[in-house]
**Q** 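Here you go, one structure.
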Amino acid sequence: MNHGFTITNGRPTMNIAFSKTNKGVARHTPRPLPAPPRTGASPKVTPTCTGCSLTGHTVSGWIRERRLEQCHRDLTGPALDALPVGAVGGRWGFPDPARFSHAFKAAHGMSPGQARAAAQASRQ
């Protein structure tokens, strides 16, 4: 049984199972990062399968990227300008402001505060 996996370039990838996991993760996005067994349980994918590479990403890496995108959206939009930067990270599963800032900077090339300031300046 292949559990929805195919082999691409010698590495396992997922197709239908990934799509189902993607939908399950989207429903739980505002919550802290789900552990692999919970993520995998929903679409009947084993916990081991959820750690496999998905188009170059692990499931947890893919979730982290989606959450960082949501943080960027919240920081650069005017609706949450009054919310502290650390609280924006906390909303999307980054309870430690220092780790959030580090992850955000690695993903976007600037700190969360710099991203917010640049967006505010461009709106004026």
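Residue numbers run from 1 in the order of the sequence given. No hydrogens, no waters, no symmetry mates; every other heavy atom, side chains included, goes into these values. Owing to the predicted nature of the structure, the values given are computational and were not obtained by experimental measurement.
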**Q** For residues 77-89, which side-chain N or O atoms pair as donor and acceptor with protein atoms under 3.5 Å away, sequence neighbours left out?
**A**
from  : atom 1 : to     : atom 2 : distance (Å)
Asp81 : OD1    : Gln120 : NE2    : 3.4
Asp81 : OD1    : Arg123 : NH2    : 3.1
Asp81 : OD2    : Arg123 : NH2    : 2.6

**Q** Taking the side chain as every heavy atom from C-beta outward, state whether Phe94 and Arg64 have any pair of such atoms under 4.5 Å apart.
**A**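 In contact.
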**Q** Give the table of side-chain donor-acceptor pairs shorter than 3.5 Å for residues 101-115, with sequence neighbours excluded, one pair per line with atom names and distance.
**A**
from   : atom 1 : to     : atom 2 : distance (Å)
Ser111 : OG     : Gln114 : N      : 3.1
Ser111 : OG     : Gln114 : OE1    : 3.4
Gln114 : OE1    : Ser111 : N      : 2.8

**Q** Within the structure provided, determine whether Arg73 and Trp92 are in side-chain contact (heavy-atom separation under 4.5 Å).
**A**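 With C-beta onward as the side chain, the pair touches.
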**Q** Checking Arg99 now: which residues fulfil side chain to side chain donor-acceptor pair (under 3.5 Å) with it, not counting sequence neighbours?
**A**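 Per chain and number, Arg99 pairs via side chain to side chain donor-acceptor pair (under 3.5 Å) with no residue.
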**Q** Going by the salt bridge (Lys or Arg N to Asp or Glu O under 4.0 Å) test, which pairs reach into residues 109-120, not counting sequence neighbours?
**A**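 Output for this query is empty, none listed.
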